[in-house]
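Step one of this worksheet: look at the structure below.
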Protein chains: 2
Amino acid sequence: MRRDIFQAIADPTRRAIITLIAIQAMTPNAIAENFNSTRQAISKHLRILTECEIVKQEQQGREIYYSLEVEKMKEIDKWLEQFRNIWETNFNQLDVLLANMKKQSKK
Amino acid sequence: MRRDIFQAIADPTRRAIITLIAIQAMTPNAIAENFNSTRQAISKHLRILTECEIVKQEQQGREIYYSLEVEKMKEIDKWLEQFRNIWETNFNQLDVLLANMKKQSKK
DNA sequence: TATATATGCAACTATTTGGTTTCGCAAATA
DNA sequence: TATTTGCGAAACCAAATAGTTGCATATATA
């Protein structure tokens, strides 16, 4: 069972949950009200998000408040980092390769 | 069949492919050499990446060079944008909520 | 021309996924 | 105390996924 942050954000419902609780901590019932699927389905999503440590829980009596572990989102940012300098220098790698190949073939 | 960029990067093999061809355009065979799975498996991943428009092809005789569509990676960055101000202000939403609840209960 | 190479595509399979219904438990409330 | 409420977990199911093997096709090359 793969359980990483990229797997976690692959599902649109989970992305929506992340966005929801980023603003304010919420209980599973409150979260589920924003979707068409059952509370149990949302509960399963929350479990996955918890296993990935994107989400943290805080028990308040019989209610559990879920909120975003913002730090974890930085991991996505960190992975993107390697592409940032590529898209900042507006540099087409394929063009370069093909240009080189044409140069080679002329030799 | 979901086919968006988040689905595309969910698979670790596909993330590795993306990283590989970000540096230099490559043919399916050359890409497959870097993995344990078969060329056909890589080919399927490339199809998914192509459908998501993360990857572009350039036919060169019987070879097909795949390279990264860097612009598409910005979409992930764009989604992350909404969390950036949260993680920049070191602000714990859950703490705030719970503090408010305690204040409420004292009234 | 015959053969080797590069590639995509189809069919099949095992596993994972996202959802459901049903249940049990603990906390709140009547 | 009896009932309601909030929640997670288990059992089950259909669909999607990632992989395989086995083709077909087009381009190189001997």
Side-chain angles (χ1 to χ4, degrees), chain A residues 1-18 20-21 24-67 94 97-98 101 104-105, chain B residues 1-18 20-21 24-67 94 97-98 101 104-105:
Chain A
M1 210 182 317
R2 243 184 298 130
R3 222 55 5 142
D4 61 36
I5 209 183
F6 295 99
Q7 181 66 17
I9 64 165
D11 184 83
T13 304
R14 282 198 291 269
R15 284 201 302 282
I17 292 174
I18 289 173
L20 257 179
I21 64 174
Q24 171 152 47
M26 290 174 84
T27 64
N29 266 324
I31 295 167
E33 276 169 19
N34 295 273
F35 300 94
N36 289 326
S37 44
T38 59
R39 177 192 61 79
Q40 283 86 345
I42 301 300
S43 197
K44 275 180 88 173
H45 283 306
L46 284 171
R47 185 155 64 120
I48 291 168
L49 292 171
T50 304
E51 282 171 10
C52 298
E53 298 175 307
I54 299 174
V55 144
K56 53 177 180 261
Q57 308 175 22
E58 186 86 11
Q59 188 105 27
Q60 280 287 310
R62 67 179 166 180
E63 295 183 326
I64 299 172
Y65 281 86
Y66 285 86
S67 66
L94 180 62
L97 177 84
L98 297 179
M101 285 173 64
Q104 287 286 321
S105 64
Chain B
M1 210 183 313
R2 244 182 299 129
R3 219 59 0 145
D4 61 36
I5 211 185
F6 295 100
Q7 180 66 17
I9 65 165
D11 184 83
T13 304
R14 282 198 290 271
R15 284 202 302 282
I17 293 174
I18 289 173
L20 259 181
I21 63 173
Q24 171 153 47
M26 289 174 85
T27 64
N29 266 324
I31 295 167
E33 276 168 21
N34 295 274
F35 300 94
N36 288 328
S37 45
T38 58
R39 179 191 59 78
Q40 282 87 343
I42 301 300
S43 198
K44 274 181 87 172
H45 283 305
L46 284 171
R47 187 156 62 120
I48 291 168
L49 292 171
T50 304
E51 282 170 10
C52 297
E53 299 174 306
I54 299 176
V55 143
K56 54 178 177 259
Q57 309 175 22
E58 187 86 10
Q59 188 106 25
Q60 280 286 309
R62 67 180 165 181
E63 294 182 325
I64 299 172
Y65 281 86
Y66 284 87
S67 66
L94 180 61
L97 176 84
L98 296 180
M101 285 173 62
Q104 287 287 322
S105 65

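Note on naming: letters A, B, ... go to the chains in the order of the sequence lines (proteins, then strands), and numbering restarts at 1 for each one. These figures come from a predicted structure and were not determined experimentally.
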**Prompt:** Taking CG from A/Leu46 and C1' from D/dA9, how many angstroms apart are they, rounded to a whole number?
**Reply:** 14 Å

**Request:** Round to the nearest Å and state the distance from B/Glu51 atom CD to C/dC9 atom C1'.
**Result:** 12 Å

**Message:** Side chains of A/Ile42 and A/Thr13, heavy atoms from C-beta outward: is any pair under 4.5 Å?
**Reply:** yes

Please report, to 0.1 Å, the donor-acceptor pairs under 3.5 Å made by any side chain of residues 27-38 of chain A, with sequence neighbours excluded.
unit_1	atom_1	unit_2	atom_2	d
A/Thr27	OG1	A/Ala30	N	3.3
A/Asn34	ND2	A/Ala30	O	2.9
A/Asn34	ND2	A/Ile31	O	3.3
A/Thr38	OG1	A/Ala41	N	3.3

**Item:** B/Arg14 or A/Ala30, whichever maps to the more 5' nucleotide of DNA chain D
**Value:** A/Ala30

**Message:** Treating B/Gln59 as the side-chain partner and B/Gly61 as the backbone partner, does any N or O pair qualify as donor plus acceptor under 3.5 Å?
**Reply:** yes

**Fill in**
Sorted by chain and residue number, the side chain to side chain donor-acceptor pair (under 3.5 Å) partners of B/Arg14 (sequence neighbours excluded) come out as B/His45

**Request:** Round to the nearest Å and state the distance from B/His45 atom NE2 to C/dT7 atom P.
**Result:** 17 Å

**Asked** To the nearest Å, how far apart are B/Ile42 CD1 and C/dT7 P?
**Response** 12 Å

**Prompt:** Can a side chain N or O of B/Asn29 be found less than 4.0 Å away from OP1 or OP2 on C/dT7?
**Reply:** yes

**Request:** Return the set of residues passing salt bridge (charged side-chain N to carboxylate O under 4.0 Å, His left out) with A/Arg15 (not counting sequence neighbours), or none when no residue passes.
**Result:** B/Asp4

**Fill in**
Contact string for nucleotides 20-28 of chain D, one letter per nucleotide 5' to 3', B = base within protein heavy-atom range under 4.0 Å, S = sugar-phosphate only, - = neither, reads BBB----BS

**Message:** Without decimals, in angstroms, what is the distance between A/Leu49 CG and C/dT17 C1'?
**Reply:** 14 Å

**Residue B/Ile64, side-chain atoms from C-beta onward, closest of C/dG8, D/dA18, D/dG19** = C/dG8

**Message:** So, OP1 or OP2 of C/dG8: does either fall under 4.0 Å of a side-chain N or O from B/Ser43?
**Reply:** yes

**Request:** Side chain of A/Gln7 only, please: which of C/dG8, C/dT17, C/dT7 is the nearest?
**Result:** C/dT17

**Item:** Rounded distance in Å - CD (B/Glu33) to C1' (C/dT7)
**Value:** 14 Å

